[in-house]
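Everything on this sheet refers to the single structure shown next.
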Amino acid sequence: MDNQSFFKYSWETLPKKWVKKMERSEHGNRSDTNSDYLFQLLCFLKFHTYTRVQVLIDICGVDYPSRKRRFEVVYNLLSTRYNSRIRVQTSADEVTRIFPVVSLFPSAGRWEREVWDMFGVSFINHPDLRRILTDYGFEGHPLRKDLPLSGYVEVRYDDPEKRVVSEPIEMTQEFRYFDFASPWEQRSDG
């Protein structure tokens, strides 16, 4: 089964309420789903005879502060049997909790911890949801676009006290504009 057949079969077989949008490209297939159906969709892709997605390559997050559901969680998957890649995307906001997929893909535990640590996207009943890349005392989530550029705490060496001192930073920050257009994509100037 080639990549085009894989895409066509998945689109025809999946329940329409599970998939908002599905696209095919030269690099693989992409489907957008509601976070309520994410686990069911990934179960289907892993266990169905004609998809057999056995490898979770990674999970990553993206922050779009102008959207109502500002976070996008992206699951990159690989079917070695059919040599096909599929990207499953879902969106969340600060309060939406996503069902973890550790029971399907054991490697998801670390990826989900990273998404939580960097963006603050929470996973319901995750077996080990704790910081993985930042310090345990770190406040905030570093890849969120509303985190101040300088952080919340200043760490400096105090010569009179002869020790390292952590002090809160009192700084105002104006809104930053983010241009999400890729500099590598071709523009058609009409």
Side-chain angles (χ1 to χ4, degrees), residues 1-64 67 69-134 136 141-145 180 182 184:
M1 178 181 285
D2 64 347
N3 202 17
Q4 186 172 359
S5 302
F6 183 88
F7 173 80
K8 185 178 178 190
Y9 178 79
S10 298
W11 179 247
E12 291 172 354
T13 310
L14 287 168
K16 299 303 176 214
K17 67 180 182 179
W18 287 7
V19 180
K20 291 182 196 174
K21 178 173 67 171
M22 199 163 193
E23 295 176 354
R24 184 182 176 288
S25 74
E26 62 189 62
H27 304 294
N29 304 316
R30 189 187 104 191
S31 64
D32 293 340
T33 185
N34 187 326
S35 58
D36 296 335
Y37 302 113
L38 175 69
F39 189 80
Q40 292 93 322
L41 176 61
L42 293 178
C43 276
F44 174 89
L45 291 173
K46 181 168 183 172
F47 296 117
H48 198 278
T49 305
Y50 295 115
T51 54
R52 292 287 180 195
V53 172
Q54 297 296 319
V55 179
L56 173 68
I57 298 170
D58 69 353
I59 302 172
C60 52
V62 184
D63 185 8
Y64 296 103
R67 293 185 185 173
R69 294 173 65 90
R70 67 183 281 182
F71 301 108
E72 215 166 79
V73 181
V74 182
Y75 295 77
N76 292 305
L77 305 157
L78 172 67
S79 171
T80 53
R81 182 172 185 171
Y82 298 112
N83 193 23
S84 294
R85 293 178 185 268
I86 186 164
R87 176 179 296 146
V88 177
Q89 297 178 192
T90 189
S91 57
D93 54 21
E94 287 90 350
V95 294
T96 302
R97 298 178 73 197
I98 297 175
F99 196 84
V101 295
V102 178
S103 58
L104 291 175
F105 302 101
S107 66
R110 289 180 177 256
W111 296 117
E112 289 169 344
R113 283 177 60 189
E114 181 179 337
V115 169
W116 176 78
D117 191 11
M118 297 289 109
F119 294 96
V121 176
S122 186
F123 294 88
I124 303 168
N125 297 329
H126 191 279
D128 188 21
L129 196 60
R130 57 190 165 100
R131 293 205 179 268
I132 191 168
L133 296 175
T134 58
Y136 288 113
H141 303 281
L143 292 182
R144 289 178 63 148
K145 297 206 171 133
F180 294 108
S182 172
W184 294 278

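Worth knowing before you read on, the calculation uses all heavy atoms, side chains too, and leaves out hydrogens, waters and symmetry mates. FYI, the numbering just counts along the sequence from 1.
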Handout entry: side chain to side chain contact (heavy atoms under 4.5 Å, CB included) evaluation trace for V74 with R30
Key = CA-CA 10 Å; V74 182; R30 189 187 104 191; over 6 Å; no
Exercise for the section: Would you check, one step at a time, whether the test side chain to side chain contact (heavy atoms under 4.5 Å, CB included) holds for R144 with F71? Expected result: CA-CA 9 Å; R144 289 178 63 148; F71 301 108; 3.8 Å; yes
Problem - Gap between atom OG1 of T134 and atom CD of E114 - 0.5 Å precision - result: 10.5 Å
Problem - Rounded distance (nearest 0.5 Å) linking atom OG of S35 with atom CG of L41 - result: 12.0 Å
Exercise for the section: Mind checking the NZ-CG spacing from K21 to D32? Nearest 0.5 Å is all I need. Expected result: 5.0 Å
Completion exercise
For R97 and N125 the tightest heavy-atom approach is NH2-N, 4.1 Å
Problem - Distance, nearest 0.5 Å, that separates CH2 of W116 from CG of D128 - result: 10.5 Å
Practice task
First locate atom CZ of R67, then atom CG of D93, and finally report the distance between them rounded to the nearest 0.5 Å.
Solution key: 13.0 Å
Completion exercise
R70 meets the side chain to side chain donor-acceptor pair (under 3.5 Å) criterion, sequence neighbours left out, with D63, E94, D146
Fill in the blank from the handout: Taken to the nearest 0.5 Å, the spacing of L77 CG from S31 OG works out to 8.5 Å
Problem - side chain to side chain contact (heavy atoms under 4.5 Å, CB included) evaluation trace for L104 with F47 - result: CA-CA 10 Å; L104 291 175; F47 296 117; 3.5 Å; yes
Problem - Side chain R81, main chain R52, donor-acceptor under 3.5 Å - result: no
Fill in the blank from the handout: For H126 and P100, the nearest pair of non-hydrogen atoms, with its separation, is CD2-CB, 3.9 Å
Problem - Reference residue V73; test side chain to side chain contact (heavy atoms under 4.5 Å, CB included); the match among V121, T96, L38 - result: V121
Practice task
Evaluate whether atom NZ of K20 has more than 12 neighbouring non-hydrogen atoms of other residues, nucleotides or ligands under 6.0 angstrom away.
Solution key: yes
Practice task
Kindly write out the residues that satisfy ring pair (Phe, Tyr, Trp, His ring centres under 6.0 Å) with F39, not counting sequence neighbours, or none if the list is empty.
Solution key: F99
Practice task
Answer yes or no: is there a donor N or O on one side and an acceptor on the other, between the side chain of S79 and the main chain of T51, under 3.5 Å?
Solution key: yes
Handout entry: Partners meeting side chain to side chain donor-acceptor pair (under 3.5 Å) with N34 (sequence neighbours left out)
Key = none
Handout entry: Over 12 non-hydrogen atoms of neighbours within 6.0 angstrom of CZ in R110
Key = no
Fill in the blank from the handout: With sequence neighbours left out, the residues meeting side chain to side chain donor-acceptor pair (under 3.5 Å) with D36 are none
Exercise for the section: Determine yes or no for a side-chain-to-main-chain donor-acceptor pair under 3.5 angstrom, with T33 supplying the side chain and W18 the backbone. Expected result: yes
Handout entry: Residue R131 excluded, over 12 heavy atoms near CZ under 6.0 Å
Key = yes
Using atom types as modelled, flag every donor-acceptor pair under 3.5 Å from a side chain in residues 54-62 to any protein atom, sequence neighbours excluded.
from: Q54; atom 1: NE2; to: K46; atom 2: O; distance (Å): 3.2
from: D58; atom 1: OD1; to: N76; atom 2: ND2; distance (Å): 2.7

Handout entry: Partners passing side chain to side chain donor-acceptor pair (under 3.5 Å) against S107 (at least two apart in sequence or in another chain)
Key = none
